[in-house]
> 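Just passing along the structure, written as structure tokens.
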Amino acid sequence: MSMLPYGRQSISDDDVKAVAEVLRGDWLTTGPAVDRFEKELGAVAGQSNPAVAVTSGTAALHVAYAAAGVGPGDEVITSPLTFLATATSAAIHGATVVFADVCEDTGNLDPAAVEALVTDRTKVISGVDFAGHPMDAPGLRAVADQAGALLLEDAAHSIGGSLDGRPVGSLADLTTFSFFPTKNLTTAEGGAVVALDPDIARKARTFKGIGMVRDPDRLRTTDEGPWWYEMPDLGLNYRLPDVLCALGSSQLTRLSQFKARRAQITQRYHEGLADVPGLRLPTQRVGADPVWHFYPLRVLDGRRRGLFERLRAEGIGVQVNYIPVHWQPWFADRGYQRGSCPVAETYYEQEISLPMFPDLLDADVDRVIDGIRRHFGA
Ligand SMILES: *Cc1c(COP(=O)(O)O)cnc(C)c1O
């Protein structure tokens, strides 16, 4: 039997055409396709300003923390139930990462747990839209405002989603996206940052462009000549090229289709698994309009590993999201303790992510459901 992947890009002939057109044109990078993609992304994210396109979701987080002014002595509170980069891209700026526990239902950062960990050094609170379900932005916003901290939303899973009618991208001070092939839309590698405050957005743009500025009103020396540029801040080259932005723009035209198909697949898993004992299905909060990035099934009674090995042996590409980040050796070596975020750790111990991508066939979904039902004798 063929191996069924866990996630997979959906590439159309139009996507191929859009990329080929750029390859035959004048700009491979830093041309009109970047501007276009950034404007379109800004609109999808509910912003009047363009997004800042970068080379990955990890780069987006690194840029976002730079734009927030995160540095040594600052604390960044985040969820351990996430991909490494949400935490490590703050640590690499010299900040201290503080892990707060998650909500039992969504696996998203719990505002009450965050509130208990706030100090006068808290600079950013970073939630994650786990599996595509938007974080509790109003709850986290209240804690962030009280702490005088910025709110960041790692929306690597959730572009196109919304909460209480407000699009993901407009809920937090800073929102980051990833366009890795398994995500909800792809540019191969890629990501983006949006910020509510134009000054923070400008800092993000400067950081992704090696800290260089040419804008006359940002220069200290204005009469040296037309070649002149200055570097008011440090930065890196995180520019997403035109070739990949063209792919992104083409993909964006199908984002709502992708979202609808992901919702159908989620519904099919719900229906096929609802009566199997010992499972816990993902739920949706009132007001949340998720883009399901994967299907986070929970397996009770210590039976997750057996199911994982069984499905993999049957050629079904399941995954586990996520190994709690504070368990990683780099954090353990710095005194972070297992057991410090019990809800997230239990979530991890039970979690198995089922295949989810727009081109997944109903027959494939049924094959996954069937494998699970047989494993539990249901
Ligand atoms: C994928 C992902 C990232 C990193 O994105 P890349 O594009 O792979 O660098 C960050 N956070 C979360 C939650 C992710 O799933």
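We count residues from 1, following the sequence as given. Order of listing sets the numbers, starting from 1, for every ligand and every atom in it.
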> Which ligand 1 atoms does A156 reach within 4.0 Å, using its non-hydrogen atoms?
2 (C), 11 (N), 12 (C), 13 (C), 14 (C), 15 (O)
> Under 4.0 Å from a heavy atom of S56: which atoms of ligand 1 are those, numbered in the order shown and with their elements?
7 (O), 9 (O)
> Charged N to carboxylate O under 4.0 angstrom, R202 versus D215?
no
> Among all protein heavy atoms, pick the one closest to atom 15 (O) of ligand 1 and tell me residue, atom and distance.
H157 NE2, 2.8 Å
> Check each atom of ligand 1 against the heavy atoms of T82 and keep those under 4.0 Å away; list them by number with element.
13 (C)
> Tell me if the aromatic rings of F357 and F258 count as close, with their centers under 6.0 Å from one another.
no
> Quick test of your reading of the model: are E38 and K208 salt-bridged, counting only N-O distances below 4.0 Å?
yes
> Indicate whether any N or O donor in one side chain lies under 3.5 Å from an N or O acceptor in the other, for D233 and T206.
no
> Between OG of S79 and OH of Y322, what distance do you get to the nearest 0.5 Å?
10.0 Å
> Give yes if a backbone or side-chain nitrogen or oxygen of G57 is under 3.5 Å from a nitrogen or oxygen of ligand 1, and no if not.
yes
> Within ligand 1, which atoms have a heavy atom of T58 less than 4.0 Å away?
4 (C), 5 (O), 6 (P), 9 (O)
> Please indicate whether any nitrogen or oxygen in S178 is less than 3.5 Å from any nitrogen or oxygen in ligand 1.
yes
> Closer than 4.0 angstrom: is that true for some heavy atom of K183 and an atom of ligand 1?
yes
> Do any nitrogen or oxygen atoms of D154 lie less than 3.5 angstrom from nitrogen or oxygen atoms of ligand 1?
yes
> Closer than 4.0 angstrom: is that true for some heavy atom of Y322 and an atom of ligand 1?
yes
> Does the side chain of Q257 pick up a donor-acceptor pair with the side chain of R254 at under 3.5 Å?
no
